[in-house]
Amino acid sequence: MALSSSSSNVTSDGSNHTQRFLGGLVLLRQGAEARLYRGTFLGRSAVIKERFPRKYRHSVLDARLSSRRTVQEVRTALRCRRAGIAAPAIYFVDLVSNVIFMEDLADAETLREHLGSSPLGSRNVEALAGIVGHTLARLHDQDIIHGDLTTSNMLLRRTPASSQGNGETCEGANTDDGTTTAVEDTKDSNGAKLVLIDFGLSFSSGLAEDKAVDLYVLERALLSTHPGAKDLFETMLRMYGRSSCHGTAVLTKLKEVRQRGRKRSMVG
Amino acid sequence: MQFDVFPFNHVSGDGSRVSLRQKQYSDSFTNFLILFCVFTKLHVLKRNYFGMPVVLGMEGSANKLGVGIVRDGVVLSNPRRTYITPPGQGFLPRDTSRHHREHILTVLKEALQEANLQPSDIDCVAFTKGPGMGAPLAAVAVVARTIAQLWNRPIVAVNHCVGHIEMGRLITGAGNPTVLYVSGGNTQVISYLERRYRIFGETIDIAVGNCLDRFARVLKISNDPSPGYNIEQMAKRGKKLVELPYTVKGMDVSFSGILSHIEDATHTMLAAGECTAEDLCFSLQETVFAMLVEVTERAMAHCSSQEVMIVGGVACNLRLQEMMGMMCQERGATLYATDESFCIDNGAMIAQAGWQMFCSGHRTQLEDSWITQRYRTDDVEVTWRD
C-alpha cells in the first residue's frame, strides 16, 4: 500500500513539475486537442506539445485517449523519419503528463495558409499538389495511415537546398541500411519542403480501405476550406497513383468510399 | 393623427372583393378601421401594407409530424405529433407514413387556429424535400402540393438539415457558428462558406441518434417520449465507465463499431452482473458525446471559429450540451443551443428556412416538387446569406 501511494506521489509530482515548467513558456496556440509552446531542449529551439486533460470528457476516457495518442504520435513520427518522410524530430516524451518535445519548424507555414494566400491555379501550387500526392504515396506504402489529413497538418518549410537543417541530416533521416534517403524529389521549385505533422490519430494498416478513407478525409477537408481546389486534389491523386505501389487499388476504393456519404440509408 | 390609406384589394368576411379608395381619414374613422380589421381578422390589410410574408412549413421526414407557421422571424404556431412504437421496436416507413396521413389535416388545422390565420393569409407553402424516409416524406409532400394549388400559393421545397440550421440561427441569434447537427438520421459538422453549408465532418456509417435508438431497442427501453430521452435519464444513474471503442477519423466519426460492441456487452456483461443497464447508458453517452465534441472542436480549430451551435434531436440532450459548453469555455468560445420544441423535428423550422428561401426569390415548380431520401446539405445554394 505504501509503495503504491509513494509511486502515485511521484507521478503527480512529476506532472505538477511539468505544469510549472510549461507555465513559464510562450504559448503558441491551442489546437483542437493540445497546446503548443515554444521553448528549448538541451540548447535547441523546441516546440512542446501538451495534451492537457480535457474536462469535458470522463477522466478515465480522457487519460486513455491522451496517453494513446501521445504514444502513437511519437511512434509514427519516428517511423516516418526512418522511411525518409519529413516529420518533426522527437527530442523527448513525458508520458506522465503527455507532453512531447519536438523540433521547432519556426520558418514553416501550413499548407492551409499557403493556399489561402496564393491563387489556386498557379504552377507553383500545382507543383505543391504533386508533392503532397507523392508524399502521401510514400506514407501509405509504409502502411502508415495518418488519420487526420488536413491542410493544417502539412507544413511548408523553406530550407536552402544545401543547409544542415535542424533534423534532416541527423540519424532520423537514415534508412535501415545506413544511407541517407534522398529527399530532393519532395522539394518544389522554391525549395520549400513538405513536412507532415500531428500523428495522434495515426495507425498501421495495409488495407486499401483505410488508405482510401485517409485520402477521403483529406479531400473533404480540402474542399470544405478551399472550395475551388477540386483540380488540385485531382493532381494530388494523379501523383499518388503514379508514386504508390498500390495506387490503383487505393484509388478504386476511394471512388467507393466517396459514394458512401451519398448512398447511406437514413433508415435503420 | 392622419394618414393615407393606399388602394388595395382585400377579401371581406363574406368572401367578396372590396377595394378602398385613396382618401384622407380622420382619427375616429381610423380607430373604426383598425377595430374593423381586428374583428374581421383581416390580417391581409396589415400584411400587404408592411410586406411581411407568412410561410407555412410541413415536416414529416421521420416519425415526427409537424406543421408550423412563421412570419418575419416570429413563430406563430408549431404543433407536432410523434409516432411512438412499442419498446424494442423501431419505426418502419409504411407505418410512419400511415400515422402521418392520419394526423396531418388535424395538425394543419391546429397550426392555422393557433396562429389565428385563415388559409388565405398564407403566402407560401414550404415542405421537406429530403433527406429522410421515402413514404413519410411523400405523404406530407402530397398534402403540401394540394393545399398550395387549392390556395393558389407558391411552393418551396426545403432541405431538412438546412431547416434545422436556419431555425437554430433564428432562435439563438448565432452569427456564423460551427454547427453540429445530430439526430436519428444525420450526424454532420457543418460550417457556412461561400454560399453553401459545407460538411466538414460526418459519420461514415450510422447517425449517433440511430446508434442510441438501436441500443434502446436492445435494452427494451420505452420509446415514449423518445428513446434518447430515456437513455439520458438512465445514464444519470450510471456510475461505472465501461470501455467502448472510440472511433474518430480526422473530422469524421464512426458509430457502427461502438453499437455492435455495446450490443454484445449488453448480453455478456449484464448477464454476468459486471455492470448495470444504467452503467451501459452512461458509458455509451460519455463515449459518443466525447467523439462529437472532439470533431466539433477540430472543425472549429480548422475554421478558426469561436461559436458552436448544436441542432437536431440529439441536441436536446443536456449532457451533450454540458460537455460542449465545457469545451467552449476552455477555448473561450460561445455555445448556442435551443430547447426541445425546436431541436426535435418540427414544422416551424421548415417554415423558417422556407421563409428565407421565399424572400430571396426561390420558388419550386410543381414538377420539381418531388421528394428524395438522400439530399446533401451542401447541395443547397444558400442565397439568403452573404
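A note on names: the letters A, B, ... follow the listed sequences, proteins ahead of strands, and every chain is numbered from 1.
- Listed in order of number, the residues of residues 252-261 of chain B that approach chain A to under 4.5 Å between heavy atoms are B:D252.
- Using a 4.5 Å cut-off between heavy atoms, B:V295 does not touch chain A at all.
- Inter-residue side-chain proximity for A:L218 and A:M236 is flagged as met; some heavy-atom pair is nearer than 4.5 Å.
- Between the side chains of A:D143 and A:S204, no donor-acceptor pair of N or O atoms lies under 3.5 Å.
- Using a 4.5 Å cut-off between heavy atoms, A:R29 does not touch chain B at all.
- Heavy-atom pairs under 4.5 Å with chain B were tallied for A:T150, A:L65, A:T110, A:V217; the largest tally goes to A:L65.
- The backbone N or O of B:K239 sits less than 3.5 Å from a side-chain atom of B:D279, completing a donor-acceptor pair.
- Judged by a 6.0 Å distance limit and a 45° cone about the ring axis, B:R319 is not positioned over the six-membered ring of B:F289.
- Interface remark: B:Y197 contributes no atoms to any contact with chain A (heavy atom separation under 4.5 Å).
- Under the 3.5 Å distance criterion, with hydrogens and angles disregarded, a donor-acceptor pair is assigned to the side chains of A:T76 and A:S202.
- Using modelled atom types, one finds a donor on one side chain and an acceptor on the other under 3.5 Å when comparing B:R385 with B:N176.
- Only the side chain of B:E194 has a heavy atom closer than 4.5 Å to any heavy atom of chain A.
- For A:H134 and A:Y240, the ring centers sit 6.0 Å or farther from each other.
- Considering only heavy-atom pairs separated by less than 4.5 Å from chain A, the leading option among B:R196, B:M326, B:M251, B:Q329 is B:M326.
- The residue among A:Y56, A:F203, A:F52 with the most heavy atom pairs within less than 4.5 Å of chain B is A:Y56.
- Proximity to chain B is limited to the side chain of A:L201, based on heavy atoms less than 4.5 angstrom apart.
- Of the possible donor and acceptor atoms, none in the side chain of A:H140 sits under 3.5 Å from a partner among the backbone N and O of A:H146.
- A salt bridge is defined here as a Lys NZ or Arg NE, NH1 or NH2 lying under 4.0 Å from an Asp or Glu carboxylate O, and A:R54 with A:D62 fails to meet this definition.
- For A:R35, no part lies near chain B; criterion is any non-hydrogen pair under 4.5 Å.
- Of the two parts of A:L149, neither the backbone nor the side chain holds a non-hydrogen atom closer than 4.5 Å to a non-hydrogen atom of chain B.
- Heavy atoms closer than 4.5 Å to chain A are found in both the backbone and the side chain of B:E294.
- Under the salt bridge (charged side-chain N to carboxylate O under 4.0 Å, His left out) criterion, A:E219 pairs with A:R258, sequence neighbours left out.
- When the candidates B:E243, B:E322, B:E286, B:H302 are compared by the number of heavy-atom contacts under 4.5 Å with chain A, B:H302 comes out ahead.
- A:L136 places a side-chain heavy atom less than 4.5 Å from the side chain of A:V132.
- Annotation: cation-pi geometry satisfied between A:R220 and A:Y216 (NZ/CZ under 6.0 angstrom from ring centroid, within 45° of ring axis).
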